[in-house]
Amino acid sequence: MKSSQDLKNLLLSIDHKSYPAYKSAQGSYRFQDYILSIDHVQGDPFAAPSRVSLRISGKNAGFPPKLFDTFPKRVALQDHLLRLFGREIEQYNFKARGSGKSGLMAVSRCGQEILERSACAIDPGDGSLTLRMQIGFPASGRTIQAGELIRILFDFLPGCAQRSLFFRNIDASACQRTAELCEDQEYIRRELKKRSLCAFVANGSVLPRSSGVSEKPMKGAVPFRSPKSLEVSMELPHRGPVSGMGIPRGVTLVVGGGFHGKSTLLKALELGVYNHIAGDGREYVITDSTGVKLRAEDSRSISQTDISLFINHLPGGRDTRHFSTEDASGSTSQAANVIEAAEAGTSLFLIDEDTSATNFMIRDELMQRVVADSEEPITPFISRVRELFEQAGISSIIVAGSSGSYFHPADVVIQMKEYLPYDITARAKKEAAAYPEVAAASSPFHLPDFRRIPKPMGSLRGQERTKIKVLGKEGIQINRSVTDLRYLEQLADPEQLTALAYILNYSVRHLMDGRRTLREIADALERKIDKEGLSALADASYLPADLSRPRRQEIFACLNRCRELSFTFF
């Protein structure tokens, strides 16, 4: 391995040469406390920045094993260090002069959720640390400015690394608090299962966000307070006693007037599948980690999905046990979403009537009298919601503001009033008794055996070189194949979409052999990521710094929405 002095000499030797000469710097160099690797050099100063990584041995990094001895704690520590390093390099960003992206120093920007990222990885065996970042190699026009890059690599970067990536130089108590918060959050997750709860919202939580474009907590917001009838208490390992609203497994209905906090509560529960950083306000909002937000998705593609639980007897005798379409309606898309979420292993549905297909959710008594059941192909969700829980173990939390029909099947009814919850179950049940209940489904309950096998088609197949593009939080593109992911509302970070693009590409190239089912492919992907990290999804020659791990549920959702995957049955 070359030394840091070798790198400096090389850079001096190419000073003022044409930009492509920077390519000769690619490789690894030993600095005093870490190894610097120049993994990828940009083509010119206006192109995507160069990829650089730091590798620090466990002995040098010095983090005590108790801070990363479980997977959740390791992810939390990685997240903490990434935030520290990001703050350090921010003060040097573009301090080196030049054209285009010259002098840029960037690393993954973490949001309010704590996610596993390829930008920072700690080896659970020896505690060694790898940090991946982007640097804009400086140039004047397209002429190398080696002196400016030397400033970045030899002056700016070592100080940033020392102040944020070495245990001896950072606030040990902050690291300990990060680990303790993680242990408390994971304790609540375990308690959900033990207590037959699907979610917990601690008293004092701040659910509203600062604005539509900021995920930070709203200043002056009403702190959450549980109704006494739903209040549960826990003794957390580090924080100690905490009380809050425990939502039991089963069917829960959330009602209330407009602008009183129904959707705010649901949004907090949607993102409660992730742990949150201290100060977010939702640190102790913990939801069943398999929970899936269900909604209608007009125009989405569906391939070989059994939606017969909800839709049958289509005109023309169309088969709904092997249903496919390139342009789904609201009801068929939501029916497919239910089945696909069940295939992914969810045990909780989160539903807002505002984003649902009305004819999928409810069919009132008057409509049933005018249009006979035999003439209506849709079995509404309300007729299946209890069966989904009692026979498939899938709970539902439903936000409704206009229809009271769900009072009948609900186990718990919560009214949101001025951002505070009230348990109105008894009153709702009493009032509902005066109204007829929606008829139960006439056909028997069944879920498919989930033996679908995906097969790549079109531009996904037979390409020697693959071009991957991420379309913000809207979707992903592989070659000419575009997958629309805009309605996956639990994707918390654009880097999760980047990871989904790599997951799709890896699956096509290595796992979709015409024999593996979708579930078997997802199992293989999760095993690989668990064992080798997110970087294992990419070619060894190019390790992305900007991947963030999606949940199993979003992996299924992505593969199901890819229009150039064709499904067959085992």
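Computed from a prediction, not measured in an experiment: that's the story for all the values here.
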task: State which residue, out of E283, R282, R189, fulfils the side chain to side chain donor-acceptor pair (under 3.5 Å) condition with N275.
output: R189

- request: Would you check if there is a donor-acceptor pair between the side chains of E418 and H260 at a distance under 3.5 Å?
  value: no

query: Measuring from C558:SG to I476:CD1, what's the distance to the nearest 0.5 Å?
result: 4.0 Å

message: Using a 3.5 Å distance criterion without hydrogens, assess whether the side chain of S205 forms a donor-acceptor pair with backbone atoms of V201.
response: no

- prompt: Between S333 and R295, do the side chains contain an N or O donor and an N or O acceptor separated by less than 3.5 Å?
  reply: no

S118 side chain to R549 side chain, donor-acceptor N/O pair below 3.5 angstrom: no

message: Measuring from atom CZ of F349 to atom SG of C198, what distance do you get when rounded to the nearest 0.5 angstrom?
response: 12.5 Å

Exercise answer: donor-acceptor pairs, residues 393-405 side-chain atoms, under 3.5 Å, sequence neighbours excluded:
unit_1 : atom_1 : unit_2 : atom_2 : d
S395   : OG     : G250   : N      : 2.9
S402   : OG     : E353   : OE1    : 3.4
S402   : OG     : E353   : OE2    : 3.2
S403   : OG     : S405   : N      : 3.4

Check: R384/S443 side-chain N/O donor and acceptor closer than 3.5 Å: yes

- prompt: Does a donor on one side chain sit under 3.5 Å from an acceptor on the other, for N312 and R321?
  reply: no

- request: Evaluate the criterion side chain to side chain donor-acceptor pair (under 3.5 Å) for residue pair E116 and S548; output intermediate values, then yes/no.
  value: CA-CA 6 Å; E116 181 184 0; S548 181; over 6 Å; no

Test item: side-chain donor near acceptor, S214 and S211, under 3.5 Å: no

task: Would you tell me whether T498 and D546 have side-chain atoms, one donor and one acceptor, within less than 3.5 Å of each other?
output: no

- request: Give the intermediate values and the outcome of salt bridge (charged side-chain N to carboxylate O under 4.0 Å, His left out) for residues D184 and R239.
  value: CA-CA 7 Å; D184 284 347; R239 177 177 167 170; over 6 Å; no

message: Aromatic contact between F360 and F310, with the criterion being ring centroids under 6.0 Å apart: yes or no?
response: yes

- prompt: Would you find more than 12 non-hydrogen atoms of other residues, nucleotides or ligands less than 6.0 Å from F259 atom CZ?
  reply: no

- line: Sorted by chain and number, sequence neighbours left out, salt bridge (charged side-chain N to carboxylate O under 4.0 Å, His left out) with R300 holds for E340

query: Just checking, is any N or O donor in the side chain of Q112 or H276 under 3.5 Å from an acceptor N or O on the other one?
result: no

Donor on one side chain, acceptor on other, S356 and Q334, under 3.5 Å: yes

- request: Using a strict 4.0 Å threshold on nitrogen-to-oxygen distance, state whether R519 and D449 make a salt bridge.
  value: no

Evaluation steps, salt bridge (charged side-chain N to carboxylate O under 4.0 Å, His left out), between D523 and R552: CA-CA 9 Å; D523 291 341; R552 178 182 179 89; 2.9 Å; yes

statement: Quick note, salt bridge (Lys or Arg N to Asp or Glu O under 4.0 Å) partners involving residues 490-500, not counting sequence neighbours, are R117-D493, R117-E495

message: Go through it in stages, so that I can follow the logic: the residues are N203 and S243, the test is side chain to side chain donor-acceptor pair (under 3.5 Å), and I'd like the CA-CA distance, side-chain angles, deciding distance and then a yes or no.
response: CA-CA 6 Å; N203 291 337; S243 297; 5.1 Å; no

Expected output: side-chain E532 to main-chain I529 donor-acceptor under 3.5 Å: no

- prompt: Do S308 and T320 have side-chain N/O donor and acceptor atoms under 3.5 Å apart?
  reply: no

query: Is a side-chain donor or acceptor of H408 paired with a backbone partner of A433 at a separation under 3.5 angstrom?
result: no

